[in-house]
Amino acid sequence: MAILKVARMGHPVLARRAEEVEDPTAPEIRRLVDDMVETMFDARGRGLAAPQVHVPLRVVVFITPEDPDYPGITAIVNPQIDFLTQEVAEGWEGCLSVPGLRGLVPRRTRLRYTGVSPEGAAIDRTVEGFHAVVVQHEFDHLDGMLYPRRMTDLSTLVFDSEMRWFMEPQDASGESEEETAR
Ligand code: NI
């Protein structure tokens with residue numbers, strides 16, 4: 001396994017549509033997924049999409065430890081998303097390709113996603129809450145979309161070190177930054 005270099009906002013690989021993977025079970029996809037997981041943990045991220053490591057393919061990894069139904073690592077190839085509600089909620093997001101910043105992003109609250117695992121197993125999940133946010137953030141990477149473009153109020157695009165000004169007093173210590181970087 002290897003730790004891969006993460007592309008940062010401005011690199012063209014982050015702005016284009018990633019290609020479908022012809023054979024999700026190919027050994028090179030398995031290797032890519034293993035390297036992406038290692039890179040994600042090294043960078044203390046919550047998720048990583050292949051374009052973020054300069055590979056323009058529709059592959060994503062993420063972790064959702066707060067979801068009791070799916071508490072482990074998910075690796076998904078050629079994912080698709082169906083929104084199950086019009087309801088939107090705002091939450092703070094960060095991104096390993098936009099280091100040092102946070103933004104308040106509106107996201108749908110409930111969705112279904114499908115795809116294939118690197119082992120060839122079908123994935124079909126209906127999720128909500130933070131899991132749904134992570135999925136939307138990561139799948140956006142496959143379509144060349146970074147979270148600042150989803151924001152409706154750029155006054156909430158702020159540096160990590162200034163996040164405290166946006167927190168309720170009881171949250172003043174803030175959640176750790178690595179918890180929300182994707
Ligand atoms: Ni990201």
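We count ligands from 1, going down the list as the structure has it; atoms in each ligand are counted the same way.
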If the threshold is 4.0 Å, N to carboxylate O, is there a salt bridge linking D35 and R31? no
Can you tell me how far CG of L142 sits from CZ of R58, rounded to the nearest 0.5 angstrom? 5.0 Å
So, taking the atom named NE2 in H137 and the one named CZ in R107, what distance separates them when rounded to the nearest 0.5 Å? 7.0 Å
Leaving out waters, which are not shown anyway, how many protein N, O or S atoms lie closer than 2.8 Å to the Ni ion (ligand 1)? 4
Please determine whether the number of non-hydrogen atoms from other residues, nucleotides or ligands lying under 6.0 Å from atom CZ of R108 exceeds 12. yes
If you round to the nearest 0.5 Å, how far is CG of L157 from CE of M151? 4.5 Å
In terms of side-chain geometry, is the basic nitrogen of R17 or E20 positioned less than 4.0 Å from the acidic oxygen of its partner? yes
